[in-house]
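Here's the structure, in structure tokens; my notes come after.
All values derive from a computational prediction rather than experimental measurement. Because only heavy atoms are used, hydrogens play no part in the values below, and waters and symmetry mates are left out as well, while side chains stay in. Each chain gets a letter, A, B and so on, in the order the sequences are listed, and its residues count up from 1.
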There are 2 protein chains.
Amino acid sequence: MAKTNPDESAPVRQRGVTMKDVANHAGVSRTAVSIVLSNRENASISEETRTRINHAVQELGYRPNAGARALASRRSDWYGIVTEIVTAPFAVDIIKGAQDQAWLDRRFLLIAPSDQADAVGPNQGLEDAATEKLLEQRVEGLLYAATFHRGVHVPQSANEVPTVLINCFDADGKLPSIVPDERGGGRVAVERLLQAGHTRIGIINLDPDIPAAVGRLEGAREALANAGLELDPELVVSGYATADGGYEATCHILDRYPESDRPTALFCLNDRMAMGAYDAIKERGLTIPGDIAVIGFDNQELIAAYLRPKLTTVALPFEKMGALGVQTLAALTAGQPILADQQLVDCPLLERSSV
Amino acid sequence: MAKTNPDESAPVRQRGVTMKDVANHAGVSRTAVSIVLSNRENASISEETRTRINHAVQELGYRPNAGARALASRRSDWYGIVTEIVTAPFAVDIIKGAQDQAWLDRRFLLIAPSDQADAVGPNQGLEDAATEKLLEQRVEGLLYAATFHRGVHVPQSANEVPTVLINCFDADGKLPSIVPDERGGGRVAVERLLQAGHTRIGIINLDPDIPAAVGRLEGAREALANAGLELDPELVVSGYATADGGYEATCHILDRYPESDRPTALFCLNDRMAMGAYDAIKERGLTIPGDIAVIGFDNQELIAAYLRPKLTTVALPFEKMGALGVQTLAALTAGQPILADQQLVDCPLLERSSV
DNA sequence: CCCAACAGGTAACGCGCGTTACCAACATCG
DNA sequence: CGATGTTGGTAACGCGCGTTACCTGTTGGG
């Protein structure tokens, strides 16, 4: 009764073709097949038997068994990544970057979900389980990816294998990490506004304590200083990191000043807040970028590319961070030294139409 | 020179603890350990040695080797999913649904990227490679996920193992598939508008040929028919599936009629077009939903939840489809019969504030 | 008192493959 | 002509584990 495929019209399915079968079919030993397939340099197999073996492989449709190979060679060619894929509009980009890079290196990326509700509290049950599962698969390296830049604690068992943090950093500062250059991003954003002639720049801030806010604000300050200006604390308004929060903060900042003294540009520390800012600005009959220029941060495609006018913003280099994470891991597993404990990745400015 | 960890302060890292070590430490045979760890029912191991073994496992920090287990037991506990993660704002949700379900079943989901540019053209090089790689890992089942509902061609080798299609269907109609109930979604959207008292409903259509457009439109027609109304073809405008496309189509439809005859509601066949519709409506000094109600489709969180007012829309059940895909696969690999070749998944209405 | 029926455990084989040690045939050299 | 490579291969071991066949007491029944 347990037939998987009731209607089996005898396709060319050769399941379970093993190396031995290939060897028999080619009239050689299994060792010879192994040598040819792993085509080493110092081999000593005649060209003739070599092609004979390759033909046998083709004819039988032989497919190597990765598991067995891993067992025998004691290398799995797998990396593992632990990430909160749940609430993550971003995480996917990190995964994609890592995935593609791993694929280039002919490695597999095992993805394990981590629903850590709180980074601090020891709600690490699931996360530990994820790590454990990955180690059971004998991954050669581990990646931990966060959805927003912050400090994290990593399960103990991660010590057993090279580990790299992406978009987050180890609170104990032992593990190598890849994070966005928030400060550089803030600088480039404000420089762009300065270059467009704006000198009174309002800043719609995030929660001031998180690394993103600290870095971006610092960058803004730096850019202003380079232009001989100072950051007016009055012009910095914090709000919830949502469209509503951005809307309210923008209302606040726009209504506080007479038109003559009003900021002519807004630097929103994320795109969702920029979305709210758009509404507040339009509501007041002002135009973008004519009356007020807006620049965002994060480059959430769905927002930035579809707002009207399209939003000029600073991109978070998720894909690049993912790729760099895998590269760093590759270096570590190969025993090579890595460049630095913390690698900063550029946040490039994406010009659209709101400045 | 190739030291992975130069500063090795002797942590409790016990790498390579094997079953034999556990056996020795507990003073039993390796077989006994194997039996206890795979805790079978018909075992005959005394409670005492059983706990002794468990203690040894704890003390040595033994971690089973999943690869070796797979090799010996001839079952890998792995599924593979091939998906175009690249341009995909959605795919991630399918993956998440599948991932979570697989995790519940204590299985791993191997994700392989497929950058098939064209579903029809034989640009299947990469996709074939992905499938091949997955089969080398001896996955027990395969999932193919598309980012938008459409027909696809699947590599030959997929026949070797149970296969399920998600958000797409086999052009040859052989493989089981999981797709959204587009028609039901269209129906529920229009029903909601009817219920709010709207009878003149404009429809911002997608490319009329794709399954999504066909189904949703059919559903709309059905809902109207149930209310004794007919679909006015004049009120259906197709455009590019973007915010700009939605903007233009909406302008077209709004400017064509005198105010008295203007539609009082718009059914946008996706959220990006709804985004453009918002702009067109607001530009004309009209309010949402006061003057014109808007309903979308897809539930792209970043758009729907952050538009002002928040967009009422019909959700595409990606996560559920992913989960159902894995469940179907589980049934197939267990040799159980499946319910139907094509399973439809409900598209639920999400009430927000635009109706 | 002998035999069957357990409970409690072990030896040994094989999964598919990488790898090392070894072997035969031939060419080269002093 | 024997010693010494070199070329082209093979036998055999082990990776870590599941599984089956078997073995050794101890009981209970006739």
Residue met sooner reading DNA chain C from 5', once A:Y62 and B:R52 are mapped to nucleotides: B:R52

Value in whole Å for how far the C1' atom of C:dG16 lies from CG of A:L60: 15 Å

All ring pair (Phe, Tyr, Trp, His ring centres under 6.0 Å) counterparts of B:F318, not counting sequence neighbours: B:F90

Cationic N near anionic O, under 4.0 Å, A:E160 to B:R63: yes

Partners passing side-chain contact (heavy atoms from CB on, under 4.5 Å) against A:D21 (at least two apart in sequence or in another chain): A:V17, A:T18, A:L60

Euclidean distance, atom CD of residue A:Q137 to atom C1' of D:dG16 [Å, nearest integer]: 14 Å

Spacing between A:I45 atom CD1 and D:dT10 atom C1', to the nearest angstrom: 10 Å

Residues which pass ring pair (Phe, Tyr, Trp, His ring centres under 6.0 Å) with A:Y62, listed by chain and number, not counting sequence neighbours: none

side-chain N/O B:S46 vs C:dG9 OP1/OP2, d < 4.0 Å: yes

Sugar-phosphate only, base, or nothing, as touched by A:S38 at under 4.0 Å among non-hydrogen atoms: nothing

Ion pair A:E140/A:R74, N-O distance below 4.0 Å: no

Nucleotide D:dG16, atom P - distance to CZ of A:R138 in whole Å: 8 Å

OP1 or OP2 of D:dC17 under 4.0 Å from side-chain N/O of B:R69: no

N/O-N/O pairs, protein side and nucleotides 22-28 of chain D side, under 3.5 Å:
none

For A:S34, side chain to side chain donor-acceptor pair (under 3.5 Å) partners two or more places apart: none

B:D77 CG - D:dG18 C1' separation (whole Å): 13 Å

Distance below 4.0 Å between B:S44 side-chain N/O and C:dG9 OP1 or OP2: no

Atom-pair distance (CD1 on B:I35; P on C:dG8), nearest Å: 12 Å

Angle of first-five versus last-five pair axes in the helix from C:dC1-D:dG30 to C:dG30-D:dC1, to 10 degrees: 60°

Residues forming a ring pair (Phe, Tyr, Trp, His ring centres under 6.0 Å) with B:F108, sequence neighbours excluded: B:W103

Tabulate protein N/O versus nucleotide N/O from nucleotides 11-15 of chain D, keeping only pairs under 3.5 Å, one per line.
from: D:dA11; atom 1: N6; to: A:T31; atom 2: OG1; distance (Å): 2.9
from: D:dA12; atom 1: N6; to: A:T31; atom 2: OG1; distance (Å): 3.4
from: D:dC15; atom 1: O4'; to: A:R74; atom 2: NH1; distance (Å): 3.3

Residues in side-chain contact (heavy atoms from CB on, under 4.5 Å) contact with A:A145, at least two apart in sequence or another chain: A:I81, A:T83, A:I94, A:I166

Sequence-distant partners of B:T31, side-chain contact (heavy atoms from CB on, under 4.5 Å), two or more places apart: B:S29, B:I35

Residues in side chain to side chain donor-acceptor pair (under 3.5 Å) contact with A:T328, at least two apart in sequence or another chain: A:Q343

Non-hydrogen atoms of B:P155 and B:T131 that approach each other most closely: CG-OG1, 3.5 Å

Interatomic distance where CG belongs to A:N24 and P belongs to C:dG16 [whole Å]: 13 Å

C:dG18 phosphate, OP1 or OP2, under 4.0 Å from A:S34 side-chain N/O: yes

Interatomic distance, A:R75 CZ vs D:dG16 C1' [rounded to whole Å]: 18 Å

Those residues that, when tested against B:E47, pass side chain to side chain donor-acceptor pair (under 3.5 Å) (two or more places apart): none

